[in-house]
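Below is one structure, written out as structure tokens, with a few remarks after it.
Both ligands and their constituent atoms are indexed starting at 1 by order of listing.
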Amino acid sequence: MSANETPASHQPPAATRDSAFLRACRREPVPHTPVWFMRQAGRSLPEYRKVREGIGMLDSCMRPDLVTEITLQPVRRHGVDAAIYFSDIVVPLKAIGVDLDIKPGVGPVVEQPVRSRADLARLRDLTPEDVPYVTEAIGQLTSELGPTPLIGFAGAPFTLASYLVEGGPSRTYENAKAMMYGDPELWADLLDRLAEITAAFLKVQIEAGASAVQLFDSWAGALAPADYRRSVLPASAKVFEAVAGYGVPRIHFGVGTGELLGLMGEAGADVVGVDWRVPLDEAARRVGPGKALQGNLDPTVLFAPREAVEAKTREVLDSAAGLEGHVFNLGHGVMPATDPDALTRLVEYVHTRTAR
Ligand SMILES: Cc1c2[nH]c(c1CCC(=O)O)Cc1[nH]c(c(CCC(=O)O)c1C)Cc1[nH]c(c(CCC(=O)O)c1C)Cc1[nH]c(c(C)c1CCC(=O)O)C2
């Protein structure tokens, strides 16, 4: 199927479709505000560290049994309203043969950064056969999860490009921005290529049974709105458009994106993720009507005593009171040193406080 054909509508079973999480994404009434956490599967959990012992991050993403176990761990422990597929944003790039690794404590490192048209030519299409472990793990997960929805995800073209062009994590994105300003045609072609790979990867996940998808443009906050609109939004819009026909909610998230929230909604999201810097009522004004919001407790608040966590959580819930749809989350991922019990208590607190 080409990127432009509309796929057949792909809907989960009725009990999943009726879950608080998917209802909130569709801006329908909910029995309680649904909660999940970015990076809920990972190093904050001792059971995660145990099963990952001696297994590299990328290797673990390619073992369906391990992926299934790690994805289920936070659902069992915290009672969150959705699971997020255990993987990493660089997995599709690895799957098409990019020589990269995830270095512990550093992040993705690319052996040969993409700096020229010849480098771009190395990025080939992704097919379902490149990621058989994704289809297998999601098959296992949807039967194990019962009515709990599974969120699939991918890195957005800009965030993927930032790793590919820099060769690793960066604070300033100087090489990526140098290409964006200096060779806009190469940049546009690179982002378009990444949009195709990303769309293909999301389709594999949805067709295997993911009932929502999140596009992580974690580092888009480094861009001015005019640059985002001209040089990044078209590629992200292409990804959202490619999966629109499935009818599964599409979440769009980035960090430090206060000035971009309207544009991130415009790119085609059904739900816009908000970090902790903009209160949700203000974020709703910036995003405009017709979209749900996700967020936005500062992840570092979880290091404070219980009373402080509850007070800050009430602030988030109060600012969400007038929203059309709200999915509770942190403003960015769970930090590795977080006490898992604080996360469990937070889920309970949001559920109790918002029970209707
Ligand atoms: C930017 C980004 C990456 N990866 C991801 C993003 C977007 C989200 C965000 O903004 O945080 C996305 C991601 N990475 C991982 C998940 C798992 C699902 C979940 O949210 O629970 C998700 C959704 C697992 C992971 N991805 C990574 C880990 C840690 C590696 C390990 O456990 O050994 C996990 C659990 C590695 C990774 N991968 C990446 C970084 C920056 C790192 C951290 C490096 C480190 O501190 O070791 C790239």
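The shortest N or O to N or O distance between W219 and ligand 1 is not below 3.5 Å. Among the atoms of H332, some N or O lies under 3.5 angstrom from an N or O of ligand 1. Between I102 and ligand 1, a contact under 3.5 Å exists for no N or O pair. When only interatomic distances are considered, the shortest N/O to N/O separation between G105 and ligand 1 falls below 3.5 Å. At under 3.5 Å, a nitrogen or oxygen of R43, whether backbone or side chain, sits near a nitrogen or oxygen of ligand 1.
Contact annotation: for S87 versus ligand 1, heavy atoms closer than 4.0 Å belong to the backbone alone. Counting heavy atoms closer than 4.0 Å to ligand 1, residue M38 contributes backbone atoms (N, CA, C, O) but none from C-beta onward. Of all the heavy atoms of P104, the ones lying under 4.0 Å from any atom of ligand 1 belong exclusively to the backbone. Contact annotation for Y163 and ligand 1: only side-chain heavy atoms (C-beta onward) come within less than 4.0 Å of the ligand.
Scanning the protein for heavy atoms near atom 35 (C) of ligand 1, the closest one is Y48 OH, 3.4 Å. Given atom 7 (C) of ligand 1, the protein heavy atom at minimum distance is S218 OG, 3.2 Å. Atom 25 (C) of ligand 1 has its closest protein heavy atom at M57 CE, 3.2 Å. Ranking the protein heavy atoms by distance from atom 33 (O) of ligand 1 puts R52 NH1, 2.9 Å first. The nearest protein atom to atom 22 (C) of ligand 1, hydrogens excluded, is given as F153 CZ, 3.6 Å; this is a heavy-atom distance. For atom 12 (C) of ligand 1, the closest non-hydrogen atom of the protein is I89 CG2, 3.7 Å. Nearest protein heavy-atom contact of atom 27 (C) of ligand 1 is D88 OD1, 3.7 Å. The closest protein non-hydrogen atom to atom 40 (C) of ligand 1 is R39 NH2, 3.6 Å.
Between R353 and E310 there is no salt bridge, since no side-chain nitrogen of the basic residue lies less than 4.0 Å from a carboxylate oxygen of the acidic one. Salt-bridge formation is not detected for the pair D130/K94: no Lys NZ or Arg NE/NH1/NH2 atom is positioned less than 4.0 Å from an Asp or Glu carboxylate oxygen. Under a 4.0 Å N-O distance rule, the pair E53/R49 does not qualify as a salt bridge. Between R117 and D189 there is a salt bridge, since a side-chain N of the basic residue sits under 4.0 Å from a carboxylate O of the acidic one. Salt bridge status for K312 with D298: absent, with no side-chain N to carboxylate O gap under 4.0 Å. The residues E241 and K238 are annotated as not salt-bridged, no charged nitrogen and carboxylate oxygen being separated by less than 4.0 angstrom. Salt bridge status for D65 with R63: absent, with no side-chain N to carboxylate O gap under 4.0 Å. Note on R76 versus E47: no salt bridge recorded, every NZ/NE/NH1/NH2 to OD/OE distance being 4.0 Å or above. Salt-bridge formation is detected for the pair E282/R285: a Lys NZ or Arg NE/NH1/NH2 atom is positioned less than 4.0 Å from an Asp or Glu carboxylate oxygen.
Interface of A41 with ligand 1, defined as ligand atoms under 4.0 Å from a residue heavy atom, comprises 21 (O). Of all atoms in ligand 1, numbered sequentially from 1 with element shown, those under 4.0 Å from a heavy atom of Y85 are 18 (C). Taking every heavy atom of P108 and a limit of under 4.0 angstrom, the matching atoms of ligand 1 come to 39 (C), 40 (C), 48 (C). Of all atoms in ligand 1, listed by their number and element, those nearer than 4.0 Å to a heavy atom of I84 are 18 (C), 19 (C), 20 (O), 21 (O).
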Requested in this report: Give the intermediate values and the outcome of ring pair (Phe, Tyr, Trp, His ring centres under 6.0 Å) for residues Y228 and F158.
Outcome: CA-CA 9 Å; Y228 178 85; F158 173 75; 8.2 Å; no
Requested in this report: Apply ring pair (Phe, Tyr, Trp, His ring centres under 6.0 Å) to the pair Y85 and F153, showing each step before the final yes or no.
Outcome: CA-CA 7 Å; Y85 182 76; F153 76 90; 7.1 Å; no
Report task. Apply side-chain contact (heavy atoms from CB on, under 4.5 Å) to the pair V347 and F37, showing each step before the final yes or no. Result -> CA-CA 10 Å; V347 175; F37 303 120; 3.6 Å; yes
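Cluster annotation: W276 and F216 are assigned to distinct hydrophobic clusters (Ile/Leu/Val/Met/Phe/Trp/Tyr, side-chain heavy-atom contacts under 4.5 Å, transitive).
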